[in-house]
Amino acid sequence: MTVPCAVNGAKGRKFLHLGRIRSDTILLVDVDGRIPNVALMKLSGFYRREGYRTKLVRGDRWDVDSAEQVYASCVFNCALSLRRVRKLRERFGDVLKIGGSGLDLKLRLPTEIEEFPADFSLYSEMGDRAIGFLTRGCPFKCPFCVVPQKEGIPRQVSGLDELLQNRTKVVLLDDNILAHPQADDLLSEMAERKLEVNFNQTLDLRLVNRKRAGLLRRINCRNKKKLLPPIKNGPM
Ligand code: SF4
């Protein structure tokens with residue numbers, strides 16, 4: 001199963017030269033994401049707690065003289081993303097640790113990092129919004145979708161307090177939140193807390209009934225088309 005490539009790009013822009021990355025700094029590479037990468041934010045939060053600094057770069061319009069620890073995430077399985085991955089592997093060799101849906105649907109962060117709060121400051125574009133998952137998974141099996149294979153049936157992975165980190169605006173990335181058995185409770189809590197919610201992966205209309213429609217109307221839904229500027233292509 002492959003994930004369609006959805007990366008925009010333009011040629012002719014300058015490279016960002018980062019020089020030598022300090023030994024106390026971990027380089028985080030968002031290979032092709034169109035929305036902030038939760039795995040990289042969790043890595044950033046975890047390692048900052050350990051005393052490291054983190055540096056985020058996107059796409060491949062950058063270069064470094066040296067780096068001692070590099071983590072990368074590749075979301076899409078397409079020629080452009082895989083070319084960027086190949087360049088990363090050639091550049092960093094064993095120093096590079098890479099994962100993501102574009103490469104391996106089963107590879108997971110270590111539990112202690114997966115459960116660590118995301119560092120929202122990694123993407124300044126997020127402003128005062130939180131971003132992440134309350135639930136993962138979906139009971140359906142659309143043939144074009146990686147979620148059934150990657151996540152399986154719906155399960156809750158976070159509570160609102162853990163996800164929000166005291167914020168009141170949130171971008172939800174849940175695959176199909178309405179398919180979770182506790183969906184109504186989660187929607188009620190969002191409404192009662194007067195959260196501003198972006199259901200970024202949309203809502204499954206098949207699972208909206210009269211009660212849920214009423215709950216959804218009580219939620220301050222604020223969708224935003226683009227959370228990040230598109231990644232520009234590097235040289236072929
Ligand atoms: S309903 Fe959505 S999340 Fe579920 S399998 Fe279909 S496309 Fe994927």
Side-chain angles (χ1 to χ4, degrees), residues 2-11 13-110 112-114 116-126 131-133 146 150 171 173 226-236:
T2 59
V3 183
C5 185
V7 180
N8 298 322
K11 295 180 180 177
R13 301 285 177 91
K14 286 181 182 168
F15 258 90
L16 176 65
H17 187 69
L18 299 170
R20 181 182 172 82
I21 301 290
R22 293 165 39 154
S23 60
D24 66 350
T25 302
I26 293 175
L27 185 64
L28 300 172
V29 185
D30 183 342
V31 172
D32 53 5
R34 298 186 72 190
I35 57 178
N37 187 298
V38 173
L40 295 180
M41 286 190 282
K42 285 177 179 281
L43 282 161
S44 180
F46 179 83
Y47 279 110
R48 286 170 69 119
R49 200 267 317 256
E50 299 290 302
Y52 288 90
R53 298 161 183 252
T54 55
K55 171 75 182 168
L56 174 73
V57 289
R58 298 176 64 216
D60 59 357
R61 287 188 162 273
W62 53 273
D63 195 15
V64 299
D65 293 333
S66 66
E68 293 182 17
Q69 292 198 69
V70 184
Y71 289 87
S73 176
C74 172
V75 174
F76 300 105
N77 187 297
C78 65
L80 175 60
S81 296
L82 297 180
R83 192 175 68 235
R84 290 176 179 166
V85 169
R86 191 175 65 244
K87 284 168 68 175
L88 282 171
R89 286 183 166 138
E90 288 169 1
R91 176 69 185 81
F92 294 111
D94 293 342
V95 167
L96 175 70
K97 297 181 181 67
I98 188 164
S101 305
L103 298 177
D104 186 340
L105 295 180
K106 296 300 177 193
L107 190 63
R108 294 285 188 269
L109 290 173
E112 61 180 338
I113 299 178
E114 180 62 51
F116 206 82
D119 171 16
F120 300 135
S121 71
L122 191 65
Y123 290 84
S124 59
E125 296 87 347
M126 289 309 296
I131 184 168
F133 298 82
V146 299
K150 180 169 182 270
V171 177
L173 303 176
K226 285 184 184 165
L227 293 173
L228 294 177
I231 292 175
K232 308 299 182 189
N233 291 342
M236 305 292 281

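Hydrogens, waters and symmetry mates are skipped; everything else that's a heavy atom, side chains included, is used. All residue numbers refer to positions in the sequence shown, counting from 1.
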Heavy-atom pair with the smallest gap, counting every atom of [X] and [Y]:
{"X": "Val29", "Y": "Gly59", "answer": "CG1-O, 4.2 Å"}
{"X": "Phe133", "Y": "Leu173", "answer": "CE2-O, 3.1 Å"}
{"X": "Val75", "Y": "Asp32", "answer": "N-OD1, 2.8 Å"}
{"X": "Asp60", "Y": "Phe15", "answer": "O-CE2, 3.3 Å"}
{"X": "Ala67", "Y": "Val95", "answer": "O-CG1, 3.8 Å"}
{"X": "Met41", "Y": "Phe120", "answer": "SD-CA, 3.9 Å"}

[X] side chain near [Y] side chain, heavy-atom distance below 4.5 Å:
{"X": "Asp65", "Y": "His17", "answer": "yes"}
{"X": "Pro117", "Y": "Lys42", "answer": "no"}
{"X": "Pro36", "Y": "Leu227", "answer": "yes"}

**Message:** Given 3.5 Å as the limit, does a donor-acceptor pair link the side chain of Arg58 with the main chain of Leu228, or not?
**Reply:** no
**Prompt:** With distance as the sole test, does Lys55 use its side chain to make a donor-acceptor pair with the main-chain N or O of Leu27 at under 3.5 Å?
**Reply:** no
**Request:** Evaluate side-chain contact (heavy atoms from CB on, under 4.5 Å) for Ser44 paired with Leu28, printing each intermediate quantity in order.
**Result:** CA-CA 8 Å; Ser44 180; Leu28 300 172; 3.7 Å; yes
What's the separation between atom [atom1] in [X] and atom [atom2] in [Y], rounded to the nearest 0.5 Å?
{"X": "Leu88", "Y": "Lys97", "atom1": "CG", "atom2": "NZ", "answer": "13.5 Å"}
{"X": "Ile35", "Y": "Ile131", "atom1": "CD1", "atom2": "CD1", "answer": "5.5 Å"}
{"X": "Lys87", "Y": "Arg84", "atom1": "NZ", "atom2": "CZ", "answer": "8.0 Å"}
{"X": "Ser73", "Y": "Leu107", "atom1": "OG", "atom2": "CG", "answer": "10.0 Å"}
{"X": "Lys226", "Y": "Arg34", "atom1": "NZ", "atom2": "CZ", "answer": "7.5 Å"}
{"X": "Ser81", "Y": "Arg86", "atom1": "OG", "atom2": "CZ", "answer": "12.0 Å"}

**Prompt:** Which is it for Ile98 and Val85 under the side-chain contact (heavy atoms from CB on, under 4.5 Å) test, yes or no, and what are the steps along the way?
**Reply:** CA-CA 8 Å; Ile98 188 164; Val85 169; 3.8 Å; yes
**Prompt:** When you look at Thr25 and Thr54, which way does the side-chain contact (heavy atoms from CB on, under 4.5 Å) test go after all the steps?
**Reply:** CA-CA 5 Å; Thr25 302; Thr54 55; 5.9 Å; no
**Working for side-chain contact (heavy atoms from CB on, under 4.5 Å), residues Gln69 and Tyr52** = CA-CA 11 Å; Gln69 292 198 69; Tyr52 288 90; 3.5 Å; yes
**Request:** Mind checking side chain to side chain contact (heavy atoms under 4.5 Å, CB included) for Glu68 and listing every partner two or more places apart, or none if nothing turns up?
**Result:**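 Checked Glu68 against side chain to side chain contact (heavy atoms under 4.5 Å, CB included); matches are Ser23.
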**Prompt:** What is the ring orientation for Phe46 with Phe116, classed by angle as parallel under 30°, tilted 30 to 60°, or perpendicular over 60°?
**Reply:**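 Answer is perpendicular, since the angle exceeds 60°.
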**Asked** What do you reckon, is CZ of Arg49 surrounded by more than 12 foreign heavy atoms closer than 6.0 Å?
**Response**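 For Arg49, atom CZ is crowded (more than 12 foreign heavy atoms under 6.0 Å).
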**Asked** Using a distance-only test with no angle check, is there a side-chain donor-acceptor pair under 3.5 angstrom linking Tyr123 and Asp30?
**Response** yes
**Message:** Run the salt bridge (Lys or Arg N to Asp or Glu O under 4.0 Å) test on Asp24 and Arg53 for me, step by step, so that the C-alpha distance in whole Å, both residues' side-chain angles and the decisive distance to 0.1 Å come before the verdict.
**Reply:** CA-CA 6 Å; Asp24 66 350; Arg53 298 161 183 252; 3.5 Å; yes
